[in-house]
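For this chain, numbers begin at 1 and follow the sequence in order.
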Amino acid sequence: MGLDYDRRPVIGDDEEEDEEATYLQYLKMQLWGTKAPEVLELLHGEEVLKHQTTLEKVRVKHWFDDTPEKFALVDLKSDGKATARGTSFQSYESFLSLIHRRYTEAVEDIEERAHLSYTSAEGGAGWGLSGQPILFRFELPSMTAVELCEHMFTSGPPFRFMGVPVRISDDYFSVSAVDLHVSRPVRFEITSEWLRVYLDKGSCGNTALRLLTNLQHVIDALAEAELDGDPVPKLESQTG
């Protein structure tokens, strides 16, 4: 286990102690071996750490044909970047194909079930609405819904949403935004405990998956998403 820790000032003079400075408690941990899941579970059990402990990178040893001598040791980061070393490029290529296939399945599942569109009723008598919003749940122990909106709709990274929040009530906002990553419109309902995302037909399911990743890294490590009661992402393939 490797640990890096510091106490870095976010606001104030970083050359000397500043009583009015705001400090960020920064902890970086790297784990190797078979006990990593147990350590992560232990951290998630601590009240002070569970909302701040998230995965930035995982390392996977992958064999293409179960030959011990032919393997790829792949570091896969939360932003999708993959780097590898090992003895078999074919094993690395096989692993990337597996990840791409599973991500594609998740995106397509979201688009199939969440896209909002109008459909004509049987017999032409009126119209119906198909699709449904994606629900994200989280905790904001030290942040209000106003501050969450200020984080999300700056047009910059990591969220890359451009929009103007409209206050409906003290803890409830509506936002018509643009996802600058895919250049598509997306609508939000936001409170301090949950938010809903509405994807129009033609929007990319990648918007929801990126949002979940960014919420877990910036807002709450235990943030979750669901669609029609099922967790997001929902992966059907068990291959590999």
Starting at CD of Gln216, measure out to CG of Asn214 and round the result to the nearest 0.5 Å. 9.5 Å
What about Phe188 and Val178, same hydrophobic cluster or not, with Ile/Leu/Val/Met/Phe/Trp/Tyr joined at side-chain heavy-atom distances under 4.5 Å? no
Under the criterion side chain to side chain contact (heavy atoms under 4.5 Å, CB included), I'd like the reasoning laid out for Val175 against Arg187: C-alpha separation, chi angles, the key distance, then a yes or no. CA-CA 6 Å; Val175 188; Arg187 287 169 288 156; over 6 Å; no
Is there a chain of hydrophobic side chains (I, L, V, M, F, W, Y, each step under 4.5 Å between heavy atoms) that links Phe64 to Leu76? no
Under 6.0 Å from the NE2 atom of His100, do we count more than 12 heavy atoms belonging to anything else shown? no
Are more than 12 heavy atoms, taken from residues, nucleotides or ligands other than Glu38, located less than 6.0 Å from that residue's CD atom? yes
Please check if the side chain of Thr87 supplies one atom and the backbone of Glu69 the other of a donor-acceptor pair under 3.5 Å. yes
What closest approach, in Å, do Ser88 and Ala72 show between heavy atoms, and which atom pair accounts for it? O-CB, 3.9 Å
Here the pair of heavy atoms bringing Gly205 nearest to Leu199 is CA-CD1, 4.4 Å
For a side chain to side chain contact (heavy atoms under 4.5 Å, CB included) check, start with the C-alpha distance between Glu150 and Val146, then their side-chain angles and the critical distance, and finish with the verdict. CA-CA 6 Å; Glu150 291 174 350; Val146 174; 3.8 Å; yes
What pairs meet the side chain to side chain donor-acceptor pair (under 3.5 Å) rule with one or both residues in residues 202-213, with sequence neighbours excluded? Tyr103-Asn206, Asp179-Thr207, Asp179-Arg210, Asn206-Arg210
A side-chain contact here means heavy atoms from C-beta on lying under 4.5 Å apart; do Glu224 and Pro231 qualify? no
Shortest non-hydrogen contact from Leu148 toward Thr191: CD2-O, 4.0 Å
Using 4.0 Å as the upper bound for N to carboxylate O, is an ion pair formed by Asp220 and Arg137? no
Is it the case that one hydrophobic cluster holds both Leu209 and Leu227, taking links as side-chain heavy atoms less than 4.5 Å apart, direct or via other members? yes
Tell me every residue that passes side-chain hydrogen bond (donor to acceptor under 3.5 Å, both in side chains) with His115, counting only those two or more places apart in sequence or in another chain. none
Within the structure provided, determine whether Leu222 and His44 are in side-chain contact (heavy-atom separation under 4.5 Å). yes
Would you mind reporting whether Thr104 and Arg101 have side-chain heavy atoms less than 4.5 Å apart? no
Does Val74 share a hydrophobic cluster with Ile99, counting links as ILVMFWY side-chain heavy atoms below 4.5 Å and allowing steps through other members? yes
Compute whether any side-chain donor of one residue and acceptor of the other, for Thr144 and Ser192, lie under 3.5 angstrom apart. no
Side-chain (Thr67) to main-chain (Lys70) donor-acceptor, under 3.5 angstrom: no
Ser94 and His62 side chains, donor-acceptor separation under 3.5 Å: yes
Quick check for you: to the nearest 0.5 Å, what is the distance between Leu43 atom CG and Thr53 atom OG1? 5.0 Å
Return the set of residues passing side-chain hydrogen bond (donor to acceptor under 3.5 Å, both in side chains) with Asp75 (not counting sequence neighbours), or none when no residue passes. Arg59
Can you give me the closest heavy-atom contact between Val107 and Cys204, atom names plus distance? CG1-SG, 4.3 Å
List the atom pairs, with distances to 0.1 Å, where a side-chain N or O of residues 153-168 and a protein N or O form a donor-acceptor pair under 3.5 Å, not counting sequence neighbours.
{"unit_1": "Thr154", "atom_1": "OG1", "unit_2": "Gly156", "atom_2": "N", "d": "3.2"}
{"unit_1": "Arg167", "atom_1": "NH1", "unit_2": "Asp170", "atom_2": "O", "d": "3.2"}

Evaluate the side-chain proximity of Tyr198 to Ile134: yes if any heavy-atom separation is below 4.5 Å, no if none is. no
Is it true that Val60 and Tyr92 fall in one hydrophobic cluster, defined by side-chain heavy atoms closer than 4.5 Å? yes
Residues in side-chain hydrogen bond (donor to acceptor under 3.5 Å, both in side chains) contact with Ser176, at least two apart in sequence or another chain: none
Evaluate the side-chain proximity of Leu211 to Phe136: yes if any heavy-atom separation is below 4.5 Å, no if none is. yes
Met143 side chain near Ile219 side chain, heavy-atom distance below 4.5 Å: yes
Do Phe173 and Cys149 have side chains that approach each other closer than 4.5 Å (heavy atoms only, starting at C-beta)? yes
Apply the test side chain to side chain contact (heavy atoms under 4.5 Å, CB included) to residues Arg113 and Asp230: give CA-CA distance (whole Å), side-chain angles for both, the deciding distance (0.1 Å), then the verdict. CA-CA 11 Å; Arg113 296 193 292 152; Asp230 294 324; 3.1 Å; yes
For the atom pair CG (Leu140) and NE2 (His151), what is the distance rounded to the nearest 0.5 Å? 9.5 Å
Within a reach of under 6.0 Å around CD of Glu193, are more than 12 heavy atoms found that belong to other residues, nucleotides or ligands? no
Using 0.5 Å steps for rounding, measure from the CZ atom of Phe95 to the CH2 atom of Trp63. 12.0 Å
Working note: Lys57 + Gln30, criterion side chain to side chain contact (heavy atoms under 4.5 Å, CB included); need CA distance, chi angles, decisive distance, verdict. CA-CA 9 Å; Lys57 178 180 71 174; Gln30 296 189 62; 4.2 Å; yes
Leu40 and Leu55, any side-chain heavy atoms less than 4.5 Å apart: yes
For Arg196, side-chain hydrogen bond (donor to acceptor under 3.5 Å, both in side chains) partners two or more places apart: Glu189
